[in-house]
Number of protein chains: 2
Amino acid sequence: MVQKSKKPPSAAKIDAPVAPKRRGRPRAYEPDVALGKALDLFRRDGFAATSLDDLSAATGMNRPSLYGAFGDKRELYIKSYQRYRDDARAAMVDIFRAEAPLRERLERIYRIALDIYLSGESGPRGCFTVMTAASEAVSDPEIRTMVLAGLTELDKAFGICFREARERGELPEGADPAALAHLASATIHTIAIRARARVPRKELEAIVKGALDVMCGAK
Amino acid sequence: MVQKSKKPPSAAKIDAPVAPKRRGRPRAYEPDVALGKALDLFRRDGFAATSLDDLSAATGMNRPSLYGAFGDKRELYIKSYQRYRDDARAAMVDIFRAEAPLRERLERIYRIALDIYLSGESGPRGCFTVMTAASEAVSDPEIRTMVLAGLTELDKAFGICFREARERGELPEGADPAALAHLASATIHTIAIRARARVPRKELEAIVKGALDVMCGAK
DNA sequence: GGAATTAAATTCGAAATGGTACAAAAAAGT
DNA sequence: ACTTTTTTGTACCATTTCGAATTTAATTCC
């Protein structure tokens, strides 16, 4: 116990996630899980219909703590949306990068999408971008930028899929990857909307299958 | 001025829209235009973010009058949505019924859709079904029913288009009208969302063109 | 002209909302 | 033990919100 000085600064950069020995009273919440709860609420009810009291109850943080940790309601909304996009991207990026036949890749993407849209205790939660962020996008430039980034990111990911597939001969020479990508995104959007109207998963899967038949050629 | 009695009751049934000689103080507003103003607000801001004061200001009716004429906020919202669907249907029904080549019919439908989604003084208004009604649909069964009706109505109208086109030989035998109809609806949905994010009309038209190329065969 | 009827306009009230001020609490540093 | 720092928890405030009660105005019927 003689050498009880601070851990060698050489490892300082490495174990950033472990106890940073903060100075004051420790937090009674985990910022990440709290943000997840906030995200759930915003997804279900949208920006305006979600009150700070609701958020406070869901996160277990009282309002001043919420404010201190995330800023005002709008900032919390934006951070929630950021988190949603990060999660969605993380869930899909491996599939988009995978070396697999076009149809299989797309099937896996849509399976993930349906998982995201249909989960939720109090009904299917749909897609944050489609359901609530797009609404705010008209009047809020910052949210609009994020929505646009989300939309084009998806378009591009699909576009790469189709371009690679064409190069591999899975699609006819004349196929237009950009147009197909927009259709693939459109299919994402339509199932997000229908999920929110409680269309059962079976029907959504049928819609996806029909779209895949058109986009990839009938199986 | 001798024969100043009411107009002959024989014409009563015919000119229903003219003065019905109501009993009390006449209305200071036209219910139809007031509902249109309410619709505009709900489309722009959604249900929760639209206050009765906003609605009162926009319609020129004070709150008790609003309440008396349309019921509470939720009823007004539902009536607005009803009105939106009626307007949209009216704008499209002739095109859907028209005797014209598939591609031309679809082009006209999408032109109307873009007109609807992109209009609005304070930014593009998007689609009521997609932007606000679908959000409410999770928790409100009545709204959900209307949303589902709107979605399937569009699917069916597109389905008829594609079925007729196949019968006329405009599509290959193996084409699946139901799947194509879902893609056509999906394209409606995706442009509604993108319009809301202020994607310019030119880009939306390009997306539509690409979708048409895939669905109808490149021109 | 007066009663009846319908709607407008004013006003009220209870609850909820977003945000903040301030004191108490829990930890680390000295 | 005492100070410093950070967070919690309570209470508060001004404003907004939805809804309704009440009064006033405009019209038709008798």
Side-chain angles (χ1 to χ4, degrees), chain A residues 1 4-7 9 12 18-35 37-38 41-42 44-80 132 136 139-140 143, chain B residues 4-7 9 12 18-35 37-38 41-42 44-80 132 136 139-140:
Chain A
M1 276 292 187
K4 73 173 204 171
S5 69
K6 320 106 193 164
K7 35 201 168 333
V18 303
K21 279 296 184 208
R22 300 178 56 88
R23 193 89 147 54
R25 176 170 175 171
R27 284 182 181 142
Y29 58 90
E30 292 232 49
D32 279 357
V33 316
L35 189 58
K37 299 286 188 184
L41 275 198
F42 278 131
R44 196 185 64 190
D45 298 332
F47 178 77
T50 304
S51 73
L52 286 185
D53 280 341
D54 297 336
L55 292 164
S56 176
T59 58
M61 306 163 65
N62 40 34
R63 246 172 312 139
S65 295
L66 255 176
Y67 200 82
F70 303 110
D72 70 5
K73 191 181 170 184
R74 178 175 164 279
E75 283 182 84
L76 178 52
Y77 179 85
I78 289 178
K79 291 195 170 91
S80 297
T132 118
E136 311 297 328
S139 50
D140 190 312
I143 296 176
Chain B
K4 71 170 202 174
S5 71
K6 327 98 191 159
K7 36 203 169 324
V18 302
K21 279 295 186 211
R22 300 178 56 90
R23 193 89 148 50
R25 175 171 175 170
R27 285 184 182 141
Y29 59 91
E30 292 232 49
D32 278 358
V33 317
L35 190 58
K37 299 285 188 184
L41 275 198
F42 278 132
R44 196 187 63 190
D45 299 333
F47 178 77
T50 305
S51 74
L52 286 184
D53 280 341
D54 296 337
L55 292 163
S56 175
T59 58
M61 305 164 63
N62 39 34
R63 246 175 309 137
S65 296
L66 255 177
Y67 199 83
F70 302 110
D72 69 5
K73 191 181 171 185
R74 179 174 164 279
E75 284 182 83
L76 178 52
Y77 179 83
I78 289 177
K79 290 195 170 93
S80 297
T132 117
E136 310 297 327
S139 51
D140 191 313

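Source: prediction; values computed, not measured. Each chain gets a letter, A, B and so on, in the order its sequence line appears, and its residues count up from 1.
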Open item on the list: A side-chain contact here means heavy atoms from C-beta on lying under 4.5 Å apart; do B:K37 and B:L55 qualify?
Closed with: no
TODO: Among A:D54, A:L76, A:T59, find the residue that satisfies the side-chain contact (heavy atoms from CB on, under 4.5 Å) test when tested with A:L41.
DONE: A:D54
Open item on the list: Between C1' on C:dG18 and CG on A:L55, what's the gap in Å once rounded to a whole number?
Closed with: 11 Å
Task: A:M61 to A:S56 - nearest heavy-atom pair and separation - done: O-OG, 2.6 Å
- [ ] Let me see the working for B:Y77 and B:T50 under side chain to side chain donor-acceptor pair (under 3.5 Å), right down to the final yes or no.
- [x] CA-CA 10 Å; B:Y77 179 83; B:T50 305; over 6 Å; no
Task: Atom-pair distance (CG on A:D53; P on D:dT10), nearest Å - done: 14 Å
Task: Neighbours of DNA chain D within residues 59-80 of chain B, by heavy-atom distance under 4.0 Å - done: B:R63, B:P64, B:Y67, B:D72, B:K73
Open item on the list: What's B:S56 touching, base or sugar-phosphate or nothing? Going by heavy atoms closer than 4.0 Å.
Closed with: nothing
TODO: Would you mind telling me which residue lines up with the more 5' stretch of DNA chain D, B:D54 or B:P26, judged by nearest nucleotide?
DONE: B:D54
TODO: Would you check if A:K73 and A:Y67 make a side-chain contact, meaning some heavy-atom pair closer than 4.5 Å?
DONE: no
TODO: Taking all non-hydrogen atoms of both residues into account, name the closest pair between A:F70 and A:P31 and its distance.
DONE: CZ-O, 3.7 Å
Nucleotide N/O to protein N/O under 3.5 Å, stretch nucleotides 3-5 of chain C:
from, atom 1, to, atom 2, distance (Å)
C:dT5, O4', B:R23, NH1, 3.4

- [ ] Could you check which of D:dT8, C:dA8, C:dT17 has an atom nearest any side-chain atom of A:R27?
- [x] D:dT8
Task: Approximate separation, where rounding is to 0.5 Å, of A:L66 CG and A:L52 CG - done: 7.0 Å
Open item on the list: With a 3.5 Å distance limit and no angle check, can you tell me whether B:N62 reaches the backbone of B:P64 through a side-chain donor-acceptor pair?
Closed with: no
